[in-house]
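On a predicted model such as this, the values are computed, not experimentally measured, just so you know.
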Amino acid sequence: MAINLYFVRHGQTFLNKYHRIQGLSNAPLTEKGINDGIAAGKRLSNIKFNAAYSSDMQRAIDTAKYILQENPSELTTPKVTTAFREENFGYFEGSDDQSVWHMIGSPKGTNTFNEMIAKFSMEKVVDMIAAADPYGDAETNQDIYNRFMPGLKDVINQANDNDNVLIVAHGTLIRWLVSQFDKSINVADSPKNGGVTKLVADGNEIKVEFFNKVD
C-alpha cells in the first residue's frame, strides 16, 4: 500500500527574514511568505490531496491554507498536530542564528548550522543544541523521534492506498525526517520556504523520493 507524503516547509516569517531562530516561537508570514504558500500550492495543483496536516504553529497552518486554496480537492484547512512541530530550541529561541551557531559550533571547528550538520549529522547537532541549553528546555534527538514518529505512523494508518497527503511542517524538522530515511541525501542544505519534500510509505518501508524541490 503506497502512500504519497508531500512535506512542505512553511512560507517565510518575519523571524526567518531577520535570521532569528524559530522553533516553538512563532511569527506571522511576510508578504513573501504568503507568496511562498501560494506558489507551493500552484506547483502541487496537479496533485489532488486526500488529506492535509500541519503542525500547530500558525505559520504552518496558514501556509497549508494557501496551498489548499490552489488544490482541486475540497480540503480547505489542515488537521493540526503537535507531532509536526519544529524542533524546540529552548533558550536559543528568538536569538540571532549566526551568533548561536558560532557559539555552539566554533569550539568544534564549525561556524554555521549547515557546517555543523555536514560535519556531525543532523541527529548529533540536535543533541549539541540541547546540551548547550542552560535551561535544559531544548529537545534532544530522542525527544523529536518520540514526538514525530507516532504522528507519522498515525497519518499513514489513516490513509488509503495511493492517497496523496499534504503535511506542512518546518525546515529543521524536514531535514531531520529525511535523515531518518535516507542518509545519502545532503540535509546540510536548508529546505527553502515553500520547498517540497516527498516521501513514499509502502508497507513497512518509507523512502525519500525527493528533497526540497521548488520547481
Side-chain angles (χ1 to χ4, degrees), residues 1-11 22-26 37 40-41 44 47-90 122-123 126-127 130 137-183 185 187 191 193-213:
M1 184 176 78
I3 310 298
N4 302 305
L5 305 167
Y6 293 86
F7 281 84
V8 182
R9 185 187 177 194
H10 63 79
Q22 183 179 216
L24 292 189
S25 300
N26 202 41
L44 294 168
I47 299 164
K48 184 176 180 180
F49 290 118
N50 304 98
Y53 297 82
S54 80
S55 86
D56 62 336
M57 298 289 100
Q58 194 64 46
R59 59 191 186 273
I61 297 170
D62 290 344
T63 300
K65 290 179 180 178
Y66 287 118
I67 292 171
L68 292 173
Q69 285 176 8
E70 306 295 327
N71 200 261
S73 74
E74 296 180 357
L75 301 170
T76 58
T77 57
K79 298 178 183 178
V80 173
T81 172
T82 59
F84 302 132
R85 274 183 179 178
E86 180 60 293
E87 174 183 347
N88 180 357
F89 294 99
M122 185 71 247
E123 294 82 357
V126 172
D127 283 337
D137 291 332
E139 285 184 302
T140 65
N141 180 67
Q142 190 64 49
D143 290 334
I144 296 178
Y145 185 94
N146 292 344
R147 169 169 61 84
F148 175 84
M149 288 302 185
L152 181 62
K153 183 178 180 180
D154 285 346
V155 167
I156 293 170
N157 287 342
Q158 291 180 41
N160 297 311
D161 193 20
N162 293 319
D163 271 4
N164 298 309
V165 181
L166 171 69
I167 302 173
V168 180
H170 305 267
T172 301
L173 186 73
I174 291 171
R175 293 203 237 202
W176 181 89
L177 79 90
V178 168
S179 182
Q180 305 310 298
F181 299 111
D182 193 335
K183 297 297 185 186
I185 295 176
V187 296
N193 293 110
V196 181
T197 296
K198 182 182 178 183
L199 280 68
V200 177
D202 191 356
N204 293 324
E205 181 183 8
I206 298 177
K207 66 178 182 179
V208 182
E209 191 160 304
F210 57 77
F211 172 61
N212 192 28
K213 290 190 71 171

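- Looking at residues two or more places apart in sequence or on another chain, you find a side chain to side chain contact (heavy atoms under 4.5 Å, CB included) between Ala201 and Ile3, Leu5, Ile156, Ile206.
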Using the side chain to side chain contact (heavy atoms under 4.5 Å, CB included) rule, take Leu166 and Asn71 through it: C-alpha gap first, then chi angles, then the decisive distance, then the call.
CA-CA 11 Å; Leu166 171 69; Asn71 200 261; over 6 Å; no
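- Ring-plane geometry between Phe7 and Phe148 is classed as tilted, the angle between the planes lying from 30 to 60 degrees on a 0 to 90 degree scale.
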May I have the step-by-step check of side chain to side chain contact (heavy atoms under 4.5 Å, CB included) for Val196 and Phe210, ending in yes or no?
CA-CA 8 Å; Val196 181; Phe210 57 77; 3.9 Å; yes
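- Met122 places a side-chain heavy atom less than 4.5 Å from the side chain of Thr172.
- Remark: the backbone N or O of Gly11 is paired with a side-chain donor or acceptor of Thr63 at under 3.5 angstrom.
- For the atom pair Leu24 CG and Phe89 CZ, the distance stands at 9.5 Å (nearest 0.5 Å).
- Side chains of Thr81 and Val155 form no contact here, defined as non-hydrogen atoms less than 4.5 Å apart.
- The shortest distance between side-chain heavy atoms of Ile144 and Leu173 falls below 4.5 Å.
- By the ring-ring contact (aromatic ring centres under 6.0 Å, His included) test, Phe49 is found to be paired with Tyr6, residues two or more places apart in sequence or in another chain being considered.
- With rounding to the nearest 0.5 angstrom, the OG1 atom of Thr76 is 8.0 Å from the NZ atom of Lys65.
- Looking at Asn50, its side chain does come within 3.5 Å of a backbone N or O of Asn164 through a donor-acceptor pair.
- At least one donor-acceptor pair closer than 3.5 Å links the side chain of Arg9 to the backbone N or O of Pro191.
- Minimum interatomic distance between Leu75 and Ala52 (heavy atoms only, all atoms of both residues): CD1-N, 4.0 Å.
- When atom types are taken as modelled, the side chain of Asn212 and the backbone of Thr197 share no donor-acceptor pair closer than 3.5 angstrom.
- Under the side chain to side chain donor-acceptor pair (under 3.5 Å) criterion, Asn141 pairs with Trp176, sequence neighbours left out.
- Between the OG atom in Ser55 and the CG atom in Asn26 there is a gap of 8.0 Å [rounded to 0.5 Å].
- Residues satisfying the side chain to side chain contact (heavy atoms under 4.5 Å, CB included) criterion with Ala138, sequence neighbours excluded, are Ile129, Ala130, Asp133.
- Among pairs with a residue in residues 147-156, those fulfilling salt bridge (charged side-chain N to carboxylate O under 4.0 Å, His left out) read Glu139-Arg147, at least two apart in sequence or across chains.
- Ile185 approaches Val208 most closely through the heavy-atom pair CD1-CG1, 3.5 Å.
- His170 is listed as a side-chain neighbour of Met57, based on a closest heavy-atom distance under 4.5 Å.
- Legend: residues meeting side chain to side chain donor-acceptor pair (under 3.5 Å) with Asp163, ordered by chain and number and at least two apart, are absent.
- Considering all non-hydrogen atoms of both residues, Ser25 and Arg59 come closest at O-NH1, 2.8 Å.
- Side-chain contact between Leu199 and Leu177: present, with at least one pair of heavy atoms (C-beta onward) separated by less than 4.5 Å.
- Of the possible polar contacts, none joining the Glu70 side chain to the Ala40 backbone as a donor-acceptor pair under 3.5 Å is found.
- Put simply, the side chain of Asn4 never gets that close to the backbone of Val200: no donor and acceptor are under 3.5 Å apart.
- Pairs engaging residues 168-183 under the salt bridge (charged side-chain N to carboxylate O under 4.0 Å, His left out) rule: Glu123-Lys183 [sequence neighbours left out].
- Among residues two or more places apart in sequence or in another chain, the side chain to side chain donor-acceptor pair (under 3.5 Å) test is passed with Glu209 by Lys198.
- Residue pairs that meet the ring-ring contact (aromatic ring centres under 6.0 Å, His included) test with at least one member in residues 56-82, sequence neighbours left out, do not exist here.
- Shown here for Gly171 and Glu86, the closest heavy-atom pair between the two residues is N-OE2, 3.5 Å.
- Contacts of Gln58 classified as side chain to side chain donor-acceptor pair (under 3.5 Å), with partners at least two apart in sequence or in another chain: Asp62.
- Take Thr82 and apply the side chain to side chain contact (heavy atoms under 4.5 Å, CB included) test, not counting sequence neighbours, and it matches Asp56, Arg85.
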